[in-house]
Amino acid sequence: RATLESAKEFKKVVDTVAQILDEICLIANEDGITARAMDPSHVALVSLEIPRLSFEDYEIEGEKEIGIDLEAFKKIMNRAKSKDKLILELDEEKNKLNVIFENSGRRKFSLALLDISASEIKMPEIEYPAVVMLKGDAFKEALKDADLISDYVILKVEDNKFIVETKGELNDFSAEFDEDSSALISIESQGHAKSAFNLEYLLDMVKGIKAGDIVKLYLGTDMPLKLEYSLGGANLTFLLAPRIE
Amino acid sequence: KPKQMTLDVFFK
C-alpha cells in the first residue's frame with residue numbers, strides 16, 4: 001500500500017510512460033517501486049524509479065511484481081483531481097491493483113493485473129562524451145520547433161554549446177544553448193557529440209516536462225541518447241536509439 | 001536513407 005501526495009503529478013508520470021509502452025511490470029519492494037522496459041520495436045527504453053521517500057506512506061511485505069495495462073491505468077489516472085491523494089493498494093487475493101483517489105471523499109478503481117513478469121534488462125554501461133543539463137521546457141520547445149520542419153532532430157555538443165537542429169526539404173531549424181543561455185545549467189564535454197533521433201519518440205519522452213523541470217542529457221556520436229528527469233517524486237530515465245546515416 | 005537503429009546493438 002503506497003500513498004502519494006499528488007495524484008495529479010503522478011498522472012503525468014503514467015501519461016509519459018504510456019506514450020511509449022503498452023504495459024509495464026512494476027517491482028515494489030522495501031526500497032520503493034521500479035520498472036524498466038523497452039518498447040515493442042526496441043528503439044526506446046523507459047526506466048522508472050520511485051524511491052520509498054517519495055511516498056507519504058509506504059507499506060510492503062517482501063517483493064511484489066505488479067503487471068499493469070498502461071492504457072487502462074492512464075484512463076483512471078486522468079480522473080485525478082488537483083487536491084486528490086493517490087493510494088495504490090495491491091489486492092493479491094483478487095489480483096487487482098486498487099487505485100484510490102482520496103480528498104473530501106474516496107473514489108476507488110480496481111485495475112485487473114496482467115500476468116507479465118518484470119524484464120531483466122539492465123541499463124547498458126555506455127561512456128558518454130557529453131552531458132548537458134538544461135531547463136526541460138526550453139528543450140521541449142526546441143523539439144516542438146524542430147517538429148514543424150522534419151521527423152528527426154540532430155542533438156549536438158560542440159565548443160561548449162548544445163545544439164538542437166534539423167533540416168527539412170525546404171526549411172531548416174536550429175536552437176543553440178551556450179554558456180550565456182539562461183536555459184543551460186551545465187555542459188560537460190570531451191570533444192564533439194552528434195547523433196540524430198526520431199522526433200516522435202523524443203516528444204513522447206518529454207511529454208511530462210513542465211516549466212521548472214530540469215533534464216539531463218547524455219550524448220555521444222551515433223550513440224543512444226540517455227535522458228533523465230524527475231516528475232512527481234519519480235525518476236524517469238529514457239534511452240533512445242539513434243538514426244544513422 | 002538514414003536508418004533507425006535498435007537498442008539491442010548497444011546492449012552487448
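Below, read A as the first sequence line, B as the second, and so on, with proteins coming before strands; counting in each chain starts at 1.
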### Task
Check the surroundings of atom NZ in A:Lys194: do more than 12 heavy atoms from other residues, nucleotides or ligands lie under 6.0 Å from it?
no

Atom pairs and distances, donor-acceptor, side-chain atoms in residues 160-174 of chain A, under 3.5 Å, two or more places apart:
| unit_1 | atom_1 | unit_2 | atom_2 | d |
| --- | --- | --- | --- | --- |
| A:Asn160 | ND2 | A:Glu179 | OE2 | 3.4 |
| A:Glu165 | OE2 | A:Lys156 | NZ | 3.4 |
| A:Thr166 | OG1 | A:Tyr152 | O | 2.8 |

### Message
I need the single residue from A:Leu240, A:Leu45, A:Ile121 that forms a side chain to side chain contact (heavy atoms under 4.5 Å, CB included) with B:Leu7. Which is it?
### Response
A:Leu45

### Query
Can you list the residues that meet the side-chain hydrogen bond (donor to acceptor under 3.5 Å, both in side chains) rule with A:Arg36, with sequence neighbours excluded?
A:Ser47

### Query
Under 6.0 Å from the CD atom of A:Gln190, do we count more than 12 heavy atoms belonging to anything else shown?
no

### Query
Between B:Gln4 and A:Ala241, is there a donor-acceptor pair closer than 3.5 Å when you use the side chain of the first and the backbone of the second?
yes

#### Entry: Heavy atoms of other groups near A:Asn78 CG, more than 12 under 6.0 Å
yes

### Message
Quick check: under 4.5 Å, non-hydrogen atoms only, which of residues 220-227 of chain A neighbour chain B?
### Response
A:Asp222, A:Met223, A:Pro224

### Task
Tell me, for A:Ala44 versus chain B, whether the close heavy atoms (under 4.5 Å) come from the side chain, the backbone, both or neither.
backbone

### Query
Does atom NZ of A:Lys75 have more than 12 heavy-atom neighbours from other groups under 6.0 Å away?
no

### A:Asp39 CG to B:Thr6 OG1 distance, which is reported to the nearest 0.5 Å
10.0 Å

### Query
Is there side-chain contact between B:Phe10 and A:Leu239, with heavy atoms separated by less than 4.5 Å?
no

### Summary
Taken in chain and number order and not counting sequence neighbours, the residues that satisfy side-chain hydrogen bond (donor to acceptor under 3.5 Å, both in side chains) with A:His192 are none

### Summary
To the nearest 0.5 Å, atom CE of B:Met5 lies from atom CD1 of A:Ile244 at 4.0 Å

### Message
Looking at A:Glu63, I'd like to know if its CD atom is crowded, meaning that more than 12 non-hydrogen atoms belonging to other residues, nucleotides or ligands lie closer than 6.0 Å.
### Response
yes

#### Entry: Non-hydrogen side-chain atoms of B:Phe11 and A:His42 separated by less than 4.5 Å
no

